[in-house]
Amino acid sequence: MKGQIVIRLKHWITQLIEHQGGRPLSSIHHKMDLQLLLEAHRLLGAKKAPGIDGVSKEQYGRELQANLEDLLKRVKSQTYRAPAVRRVEIPKPDGKTRPLGVPTHEDKVLQKAFVQLVEPIFEREFHDGSYGYRPGKTQHDAVSALHGALSRGNHYVVELDIKGYFDSIPHDELRQMFSDRITDGVLNRLITGWLKAGVMKEGNWQESESGTPQGGVVSPLLANLYLHEVLDKWVEEQVKPKLKGGVKLVRYADDAVLSFSQAEDAQRFYAVLGKRFEKYGLKLHPEKTRLIDFRPPAKGEGKAQTFSFLGFTYYWSKNRKGQWIVKVKTEAKRMRSKLKEVGQWCRKNRHKPHAWQQAQLRSKVEGHSQYYGVSHNYEALKRYESAVQWVWRKWMNRRGSRPINWEQWRQKVRSYPWVKLRIKHSLWSVPIKKESMPELPLW
């Protein structure tokens, strides 16, 4: 049965870890067999871009059994050589680009099987505050966890941003962290091969001296392992015992926010944060890493500070009873970026049939609503949906036909199915009592 092989593997790994009693696992690569590779191939998306060899999932699958048997033979004999990844640049909302590595399909299969094999080992160690690329955890879980901590009184926030994290991870330190937990020579050799495979950009090979290429299946797991040691474990085992109050760490991949209940704790942590990351070869962004006094505004002090996390802006507002509560809304730059993409799409496709365009735009709005449809954010959803309509009408009126006014446009749109906006993810807000708020300023 599909998926059962992974369940059985996790059960076996769990029993082995308990038997080892905390000692590193020395020989588990024999569990990477043909069935696991077949399952990994099945789970990979069929529409993913091919790597430097140009081979798609469909093409690789035409002789799947033979290809996977040959791959397994090379892995077990330690003759497998990880191919370079194809480097592409992905546009970011700020106009810059983010490098993305595209491995070959065969390498993706091996990476997927590798992750399925070793992930249960690390999952038993990772802390609850880590949400990125972990089974059973989502971005909305992270957004909700941070919202809850802020609502319960953790009003002193350290917003953390690592400069080029995925490209900066030191290889030697990362390999050591892996081998501290798994001493299997075959698996350690695979890690070294992936880290040293390099990238292919415009036909030229470039060596990878640090970092894990974004886009690789194994990259999120390795990146999580490194920040687990650098940040999560440090906070839990060394920082928390020295605090006067409480702290909540919420991390999704390399995006992290820590909220403290005491201003002094937040200041002390912020003062040593940079040195901690420099010790592990990482640098914090000097402008995006900051300490924020996130208390509700006192009377006559104007607006309270805000900050953003995973595309949502956290801010204070009053509920119907006049009590201050934490709310979230779509981050302004994310909204602008999404609408810019919609405008470019409408311009490119304005001459296609109206019904086809409506179906495509409906899908885009539904996708936006699926992610940003959280408590308190309905108005932002409505603004996005209205802006999409406005942009669409603008480009439809430039098709050369007679312009359509708004009343005609609404009638035209109503003749086809459209999106019903609704909140899909609930956040629980807890009113903050004024008597519990510190009276002294943070600075």
(request) Flag the pair Phe294 / Phe307 as yes when their ring centroid distance falls below 6.0 Å, and as no otherwise. (result) yes
(message) Is the ring pair Phe114/Phe178 parallel, tilted or perpendicular, if the boundaries are 30 and 60 degrees?
(response) parallel
(request) Rounded to the nearest 0.5 Å, what's the gap from CG on Leu160 to CG on Leu227? Could you check? (result) 8.5 Å
(request) Inspect the contact between Glu123 and Lys10 and indicate whether a charged nitrogen and a carboxylate oxygen are less than 4.0 angstrom apart. (result) no
(request) Work out which heavy atom in Ala82 is nearest to a heavy atom in Gly193; give both atom names and the distance. (result) CB-O, 3.6 Å
(request) Determine yes or no for a side-chain-to-main-chain donor-acceptor pair under 3.5 angstrom, with Arg134 supplying the side chain and Ser130 the backbone. (result) yes
(request) Evaluate salt bridge (charged side-chain N to carboxylate O under 4.0 Å, His left out) for Lys382 paired with Glu385, printing each intermediate quantity in order. (result) CA-CA 5 Å; Lys382 190 63 180 176; Glu385 189 267 346; 3.7 Å; yes
(request) Could you tell me whether the side chains of Glu106 and Tyr60 share a donor-acceptor contact shorter than 3.5 Å? (result) yes
(message) Donor-acceptor pair, distance only, cut-off 3.5 Å: does the side chain of Ser363 make one with the backbone of Ala359?
(response) no
(request) Search all heavy atoms of Gln111 against all heavy atoms of Gly216 and return the closest pair with its distance. (result) OE1-C, 3.5 Å
(message) With rounding to the nearest 0.5 angstrom, report the CZ to CD distance, Arg290 to Gln305.
(response) 6.5 Å
(message) Side chains of Asp172 and Gln176 only: does a donor on one sit below 3.5 Å from an acceptor on the other?
(response) no
(request) Look at the rings of Trp418 and Trp392 and say which category their plane angle falls in: under 30° parallel, 30 to 60° tilted, over 60° perpendicular. (result) parallel
(request) Step through it carefully: locate the ring centre of Tyr252, locate the ring centre of Tyr133, and say whether they are under 6.0 Å apart. (result) yes
(message) Could you go through Leu361 and Cys346, starting from their C-alpha distance and side-chain angles, then the distance that decides it, and tell me whether this counts as side-chain contact (heavy atoms from CB on, under 4.5 Å)?
(response) CA-CA 9 Å; Leu361 288 172; Cys346 289; 4.1 Å; yes
(message) Does Lys137, at its NZ atom, have more than 12 non-hydrogen atoms belonging to other residues, nucleotides or ligands within less than 6.0 Å?
(response) yes
(message) Within this structure, what is the CG-OH distance for the pair Leu282 and Tyr165, rounded to the nearest 0.5 Å?
(response) 6.5 Å
(message) With rounding to the nearest 0.5 angstrom, report the CD to CZ distance, Gln20 to Arg181.
(response) 15.0 Å
(message) Checking the side chain of Tyr270 only, and the main-chain atoms of Thr289 only, is there a donor and an acceptor separated by less than 3.5 Å?
(response) yes
(message) Parallel, tilted or perpendicular, judged at 30° and 60°: which one describes the rings of His30 and Trp12?
(response) perpendicular
(message) For the CZ atom of Arg295 and the NE2 atom of His155, what is their distance to the nearest 0.5 Å?
(response) 9.5 Å
(request) Take the angle between the ring planes of Phe126 and Phe122 and call it parallel below 30°, perpendicular above 60°, tilted in between. (result) parallel
(message) When you compare the side chains of Ser168 and Ser210, does any donor N or O come within less than 3.5 Å of an acceptor on the partner?
(response) no
(request) Work out which heavy atom in Ala49 is nearest to a heavy atom in Arg86; give both atom names and the distance. (result) CB-NH2, 3.5 Å
(message) Could you check whether atom NZ of Lys196 has more than 12 heavy atoms from other residues, nucleotides or ligands sitting under 6.0 Å from it?
(response) yes
(request) Search all heavy atoms of Leu222 against all heavy atoms of Leu195 and return the closest pair with its distance. (result) CD1-CD2, 4.4 Å
(request) Would you give the length of the straight line joining atom NZ of Lys47 to atom NZ of Lys57, rounded to the nearest 0.5 angstrom? (result) 12.0 Å
(request) Decide if atom NZ of Lys283 counts as having more than 12 heavy atoms of other residues, nucleotides or ligands within a radius under 6.0 Å. (result) no
(request) Can you establish whether the number of heavy atoms outside Glu287 located under 6.0 Å from its atom CD is more than 12? (result) no
(message) If you define the side chain from C-beta out and look only at heavy atoms, does anything of Val239 sit under 4.5 Å from Asp265?
(response) no
(message) For Arg8, is there an ion pair with Glu39 - N to carboxylate O distance below 4.0 angstrom?
(response) no
(message) Check Glu236 with Lys233, please: is the shortest side-chain N to carboxylate O separation under 4.0 Å?
(response) no
(message) Please find the pair of heavy atoms, one from Thr183 and one from Asn188, that lie closest to each other, and give the distance.
(response) C-ND2, 3.6 Å
(request) Kindly indicate whether the side chain of Met335, heavy atoms from C-beta on, has any atom under 4.5 Å from the side chain of Tyr372. (result) no
(message) Angle between ring planes, His105 versus His41, binned at 30° and 60°: parallel, tilted or perpendicular?
(response) perpendicular
(message) Please check: side-chain N/O of Arg350 versus main-chain N/O of Arg347, any donor-acceptor pairing under 3.5 Å?
(response) yes
(message) If you count every heavy atom of other residues, nucleotides or ligands that lies below 6.0 Å from Arg124 atom CZ, does the total exceed 12?
(response) yes
(request) Compare every heavy atom of Ser375 with every heavy atom of Ser426, then report the nearest pair and how far apart it is. (result) CA-OG, 3.2 Å
(request) Begin with the C-alpha distance, continue with both residues' side-chain angles, and end with the deciding distance and a verdict on side-chain contact (heavy atoms from CB on, under 4.5 Å) for Leu421 and Tyr384. (result) CA-CA 11 Å; Leu421 299 176; Tyr384 175 80; over 6 Å; no
(request) Would you please indicate if the ring centroids of Phe277 and Trp234 are separated by under 6.0 Å? (result) no
(message) For the aromatic rings, using the six-membered ring if either is Trp, is the centroid distance between Tyr371 and His140 under 6.0 Å?
(response) yes
(request) For Asp128, look at atom CG and say whether over 12 heavy atoms of other residues, nucleotides or ligands are found less than 6.0 Å away. (result) no
(request) Tell me, with the steps shown, if Thr138 and Asp141 meet side-chain hydrogen bond (donor to acceptor under 3.5 Å, both in side chains). (result) CA-CA 5 Å; Thr138 68; Asp141 293 332; 3.2 Å; yes
(message) Checking His19 against Gln15 for the side-chain contact (heavy atoms from CB on, under 4.5 Å) test, could you report, in this order, the C-alpha distance in whole Å, the side-chain angles of both residues, the deciding distance, and whether it holds?
(response) CA-CA 6 Å; His19 177 73; Gln15 290 184 317; over 6 Å; no
(message) I'd like to know if the side chain of Asp107 pairs up with that of Trp194 as donor and acceptor (distance under 3.5 Å, no hydrogens or angles considered).
(response) yes
(message) For the NE2 atom on His11, are there more than 12 heavy atoms of other groups (residues, nucleotides or ligands in this structure) within a distance under 6.0 Å?
(response) no
(message) I'd like to know whether Thr212 forms a side-chain contact (heavy atoms from CB on, under 4.5 Å) with Leu174, so could you lay out the CA-CA distance, the side-chain angles of the two residues, the decisive distance to 0.1 Å, and finally the verdict.
(response) CA-CA 10 Å; Thr212 60; Leu174 178 58; 3.8 Å; yes
(message) When you compare the side chain of Lys279 with that of Val230, does any pair of heavy atoms fall below 4.5 Å?
(response) no
(message) Would you say that more than 12 heavy atoms from the other residues, nucleotides or ligands in this model lie under 6.0 Å from the NZ of Lys248, or not?
(response) yes
